[in-house]
Amino acid sequence: QVQLVESGGGLVQAGASLRLSCAASGVSWIRAAVGWFRQTPGKEREIVASISWSGGNTYYEDSVKGRFTISRDDAKNTVYLQMNSLRPEDTGVYYCAADFDASFHAFNTRAELYDSWGQGTQVTVSS
């Protein structure tokens, strides 16, 4: 059974950086598209970024373009989300998720299509 564990969240001031990690266990290689989602109270999880199984294709939500970078290290079974120039509106619980049905070059922006989810890590950005 695949387990995803996020880490790297915390409380930072606006303008700071954080790097979130999503480590997978139970598989020898994350043969999946991986996405990072953010959830705030009263709202549904929204896609922040996604990366294809190949690593060659990525998606970013408009508000994070140019500030966030998603990457993957398959040797470590880990996907990262580098978050720079953080803003208070980036605050939320960040979840990583894996879509094992995605094709090699495809990313996925729809939460309902992801198969496995981590427990989430809190990111709080103060102004």
Side-chain angles (χ1 to χ4, degrees):
Q1 185 177 356
V2 177
Q3 287 189 322
L4 304 178
V5 179
E6 303 96 335
S7 62
L11 170 63
V12 296
Q13 291 188 329
S17 298
L18 284 173
R19 188 177 79 159
L20 305 183
S21 298
C22 173
S25 61
V27 291
S28 59
W29 181 30
I30 309 178
R31 299 189 179 199
V34 176
W36 282 99
F37 290 77
R38 176 175 60 224
Q39 188 167 28
T40 54
K43 295 186 177 180
E44 294 185 353
R45 292 180 189 182
E46 58 178 357
I47 185 73
V48 175
S50 180
I51 188 167
S52 63
W53 171 11
S54 69
N57 291 317
T58 56
Y59 166 87
Y60 296 96
E61 190 269 330
D62 285 345
S63 70
V64 308
K65 286 180 180 177
R67 300 187 299 122
F68 290 12
T69 302
I70 188 170
S71 62
R72 60 191 303 155
D73 184 339
D74 290 326
K76 296 182 178 180
N77 258 2
T78 302
V79 173
Y80 303 98
L81 185 67
Q82 178 67 44
M83 306 188 295
N84 299 328
S85 302
L86 282 161
R87 305 168 180 169
E89 53 265 39
D90 295 320
T91 293
V93 179
Y94 283 71
Y95 297 88
C96 69
D99 174 10
F100 293 95
D101 294 324
S103 61
F104 189 57
H105 294 294
F107 52 75
N108 192 345
T109 62
R110 296 171 58 188
E112 64 269 25
L113 296 182
Y114 281 85
D115 309 293
S116 297
W117 291 81
Q119 83 290 348
T121 185
Q122 176 71 44
V123 172
T124 304
V125 184
S126 63
S127 58

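Sequential numbering from 1 along the given sequence is applied to the chain's residues.
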So, the side chain of [X] versus the backbone of [Y]: is there a donor-acceptor pair under 3.5 Å, distance only?
{"X": "Glu6", "Y": "Gly120", "result": "yes"}
{"X": "Arg72", "Y": "Gly55", "result": "no"}
{"X": "Tyr94", "Y": "Gly8", "result": "no"}
{"X": "Thr121", "Y": "Ser7", "result": "no"}

Strictly by modelled atom types, are Ser52 and His105 linked by a side-chain donor-acceptor pair under 3.5 Å? no
What class does the angle between the rings of Trp117 and Phe37 fall in, given that below 30° is parallel, 30 to 60° is tilted and above 60° is perpendicular? tilted
Asp62 with Lys65: basic N within carboxylate O range, under 4.0 Å: yes
Are more than 12 heavy atoms, taken from residues, nucleotides or ligands other than Gln3, located less than 6.0 Å from that residue's CD atom? no
Under 6.0 Å from the CD atom of Gln1, do we count more than 12 heavy atoms belonging to anything else shown? no
Where is the tightest heavy-atom contact between [X] and [Y], given as atom of each residue plus distance?
{"X": "Ala106", "Y": "Ala33", "answer": "O-CB, 3.5 Å"}
{"X": "Glu61", "Y": "Arg38", "answer": "OE1-NH2, 4.3 Å"}
{"X": "Ala49", "Y": "Leu81", "answer": "CB-CD1, 4.1 Å"}
{"X": "Ala32", "Y": "Ala98", "answer": "CB-CB, 4.0 Å"}

Less than 4.5 Å apart, any side-chain heavy atom of [X] and any of [Y]?
{"X": "Asp101", "Y": "Leu113", "result": "no"}
{"X": "Asp115", "Y": "Val2", "result": "no"}
{"X": "Thr91", "Y": "Gln122", "result": "yes"}
{"X": "Gln39", "Y": "Tyr95", "result": "yes"}
{"X": "Phe68", "Y": "Leu86", "result": "yes"}

Does one hydrophobic cluster hold both Tyr114 and Ile51, with members joined at side-chain heavy-atom distances below 4.5 Å? no
I would like to know whether Asp90 and Met83 meet side-chain contact (heavy atoms from CB on, under 4.5 Å); could you show each step before the answer? CA-CA 9 Å; Asp90 295 320; Met83 306 188 295; 6.0 Å; no
Worked check of side-chain contact (heavy atoms from CB on, under 4.5 Å) between Leu20 and Val123: CA-CA 9 Å; Leu20 305 183; Val123 172; 4.1 Å; yes
Start with the C-alpha gap between Ile47 and Arg110, add the side-chain angles, then the distance that decides, and say whether side-chain contact (heavy atoms from CB on, under 4.5 Å) holds. CA-CA 7 Å; Ile47 185 73; Arg110 296 171 58 188; over 6 Å; no
side-chain contact (heavy atoms from CB on, under 4.5 Å) partner of Ile70, chosen from Tyr60, Phe107, Tyr59: Tyr60
